[in-house]
Every structure is written in C-alpha cells, then in structure tokens.
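Indexing begins at 1, ligand by ligand and atom by atom, following the structure's order.
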Amino acid sequence: MATSKSRRLFARARRSIPGGVNSPVRAFGSVGGNPRFIERGKGCRITDADGNEYVDYVGSWGPLILGHADPGVLRAVRGAMARGTSFGAPTEAEVELAEAIQRAVPSIERVRMVSSGTEATMSAIRLARGATGRSRILKFSGCYHGHADALLVGAGSGVATLGIPGSPGVPDAFAELTVQAPFNDLEAVADAFRRWGDQIACIIVEPVAGNMGCVPPRPGFLEGLRELCSEHGALLILDEVMTGFRVARGGAQERYGITPDLTCLGKVVGGGLPAAAFGGRADLMDQMAPDGPVYQAGTLSGNPLAVAAGLETLRRLEAPGVYEKLSTAAAALADGLRTLAEEAGVELCTAQAGGMFGFFFQPGPVRSFEDAKKSHDERFRRFFAGMLERGVYLPPSPFEACFVGLAHRRRDLDETLEAARGALRRAARVR
Ligand code: HOZ
C-alpha cells in the first residue's frame, strides 16, 4: 500500500503543528506507523492522500452516524450557508434543535448549545458547583470528559493512550478537587461519599465508557450512582457526548432507564460540524446566565451551519428501525471478531452497545480501566496495522471505541471480517 504522500504531509505538518496533528491520538503514536492524511469520505468509506480507500469505524470519533458526505446533511448545510455562516444572535433553527433534543431526551428540560464536548462537560460541572455550592467532583478512572483542567485526572482517550497520569499545567489545587473511583465500582463511590459526602457537587460519568475502549456499565451501577447522588445531595451528570443518539435515540439514559440531573451531548448532535450541548432539569439550567448567575458564553454557540447539520441528523434518526440496524451491525462485528479470534487462537473479548463497540486482546471481562490496561498492546498494534493494510480504518488506540453508522452495509461488514481473519492470524504470531 503506497503511503508516500501521507508521509510527506506528516513530515510537513510536524514543522507547523505540534506533533503534526490537531488532536493527539490522530498521530498514531501508540500504534506506530504514519497517520493517514484523509482527502475525502463518502458513506462508510474514506480515501487518503495516496488514494487508498478504507472502511471507516472512526466516523470522525462518533459524529458521522449517517456516514461521510451524507447528501441530506450537505444539502442542509449548503442551505444554511447561503443565508450566512454566523450571526452571534438567536435563530429559529437553534430553537428547533433545542426542541428536537427535548423530545428525544426527556430529562433535558432546557438545553444550551456550545461548540465542543469539552465545553459541554466543563460548563455542566460549573453549573453543578454553582447550584450545590460544593467544590469537589467525582469521576471514574479511564473516563474522558474532554480536556478541561478538573477533568484531566485519571483520564482515558489520548491521556491513557500516551500513558500519562495527568497533564502538566493542571494546578494541583484543581486536581485535588477531583475524586476518582474505578468504573463499575459502586462500593468505591459509596466510600468517597462517606469521606466527602457534603463536599461533592456531582458525579460525572460516561454511562457506557468509550474512552478506555468500550466498557458498558454493570447492571445496577448507574442506578446505584443515581441513588447515591440523590442521597447525598449531589448531581448526576451523564456525559453522553459519545452515547447520545448513538446507543439509543434517547441515549444511554433511555437504554438503561436512568434520569440524570444534567446531560452533556456532542458528536452526533452536531452532525459532523462543531456543536455540542448541555442540558437538564429546568430549575438547574435556569441558574445559567442570563437568567441566573452561573456564567457561560460562546461566539459560535448555536452556529447556524452546525445547527443545520445537527437538525438533519436528528431528523433522520427518527426513522423506524434505525437503532436496531446500528445494533445489529455492531453486534455482527463484535461476534464475528470473537469467532475469528478463537479460530486464530487469540484471546479477545468484545463489548457492544447500540452503534458502538470495542475489543480487547485479553480474555476479559473488562469492567474498569485497570482491566482495560491488561490487554496485549503488541497484538493490538499488529492487528491495527493488519487491518489498515487490508483497507479497514480503526481507532489508532486500544483506548477508544469503534463506531458503525447507517452507511455500513452487509458487504462492508463482510469485507471487514475478512480483513480481520488475516489481521488476527498476524496478531496470533505475537506471544
Ligand atoms: N479524544 C477523542 C476521542 N475520544 C479524539 C478526538 C480526535 O482526535 O479528533
């Protein structure tokens, strides 16, 4: 497979962009090799600068549930663009999007649009602190909620991929306010509440962790968090940036029957353009400026192009059978991978929730970040490289989830599993 153009572009990028990338995991650091520079995408496929085509399971890290260059989304964005790209003033379309979110996620009584998942989680935490008058927050190791200071403690995603405990630049005084517990460990959370019960403003959790690979909640875990929060006067924030509109139309809260106080959305809600949101109980959200004292603002919040892409995407997700289709496709891949791994004599466990799935090179079960870290790194690297050579683009880190979209067809899944057969044989050679 020719990769000379990507190589040249990466060398050039490194002279003007730190590490040659605008977000760390993209650099392929933990899998080795050269990142592919992407020229275009259509449906479930992307094409790199050298003309190589891949079946894509990154989907821009989650937003592209309809696939690349979806004609409906392009039409909606073109229509909005012709009327102007940004006003910094209210528009009818953003009200429509807020109403569409309310309909899909009933716990969201009011919603504020922002431009990235990081902004959504950071603002939700500020609101939780403002509303409770408390300073500590509780998060789970291996969960990633964007790169705001208080959240870069025991974080997943790129922080886990690079194997760093946190980040220089986060003052100890901030990090000390973030209490950590292992994902899926209710007893640890109960302990934290016994110690700091009247100081914890909120728990923030990815209801299906997607930044340490894909790790679903154990039965009772989310329910237990809800009870502990209510008991101790803390707020429950579900970070559904990844799971929102992905594991069910109403997100993980619909799938698992949990009512959070606040929810963070991103990725799918922006239809592939930069939009995210946080929302929840009206009495809490009404404490946001201008009605209340908790401040948050943004020049491009509710940007008309992003709102148009988000509205079209949410509208299309109302079609009957959409989530069954996503689930069936993701489960077929997860099951297929397990069967092929068994044939190849490789220990592999998988997880899947709606349109997201993941795999670990170990027998499992994987319920926490500590479990996730026990995977066979070198096997992952070989498998990743083998898949890439065979035209399948997976997240370049074992600590990320894979995404299927409505553009993946049966033949794409079959082609992927055929590629996996060869790539797993190659991974099997590593002891
Ligand atoms: N941290 C993001 C995925 N969990 C990666 C974002 C990106 O590289 O675009």
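E109 and Q102 share no side-chain donor-acceptor pair at under 3.5 Å.
For the pair K325 and Y323, the NZ or CZ position fails the cation-pi test of under 6.0 Å to the six-membered ring centre and within 45 degrees of the ring normal.
Ring-plane geometry between Y57 and H408 is classed as parallel, the angle between the planes falling under 30 degrees on a 0 to 90 degree scale with a further cut at 60.
With respect to R249, the salt bridge (Lys or Arg N to Asp or Glu O under 4.0 Å) criterion is satisfied by exactly one of E240, E318, E324: E318.
Where the criterion is an N or O separation shorter than 3.5 Å, residue side chain and backbone included, Y144 fails it with respect to ligand 1. The N/O atoms of K267, backbone and side chain alike, include none that comes under 3.5 Å of an N/O atom in ligand 1.
Nearest protein heavy-atom neighbour of atom 4 (N) of ligand 1: N211 OD1, 2.6 Å. In this structure, atom 5 (C) of ligand 1 lies nearest to the protein heavy atom W61 CD2, 3.7 Å. Looking at atom 2 (C) of ligand 1, its nearest protein heavy atom turns out to be S157 OG, 3.8 Å. When only non-hydrogen protein atoms are considered, atom 6 (C) of ligand 1 lies nearest to S23 OG, 3.6 Å.
When each atom of ligand 1 is checked for a heavy atom of E400 under 4.0 Å away, the hits are 3 (C), 4 (N). Close approach of ligand 1 to R26 (heavy-atom distance below 4.0 Å) involves ligand atoms 7 (C), 8 (O), 9 (O).
F183 has its ring centre less than 6.0 Å from the ring centre of F221. Aromatic ring centres of F361 and F383: separated by under 6.0 Å.
Using a non-hydrogen distance threshold of 4.0 Å, V25 does not register as a contact of ligand 1.
Heavy atoms from other residues, nucleotides or ligands lying under 6.0 Å from NE2 of H68 number more than 12.
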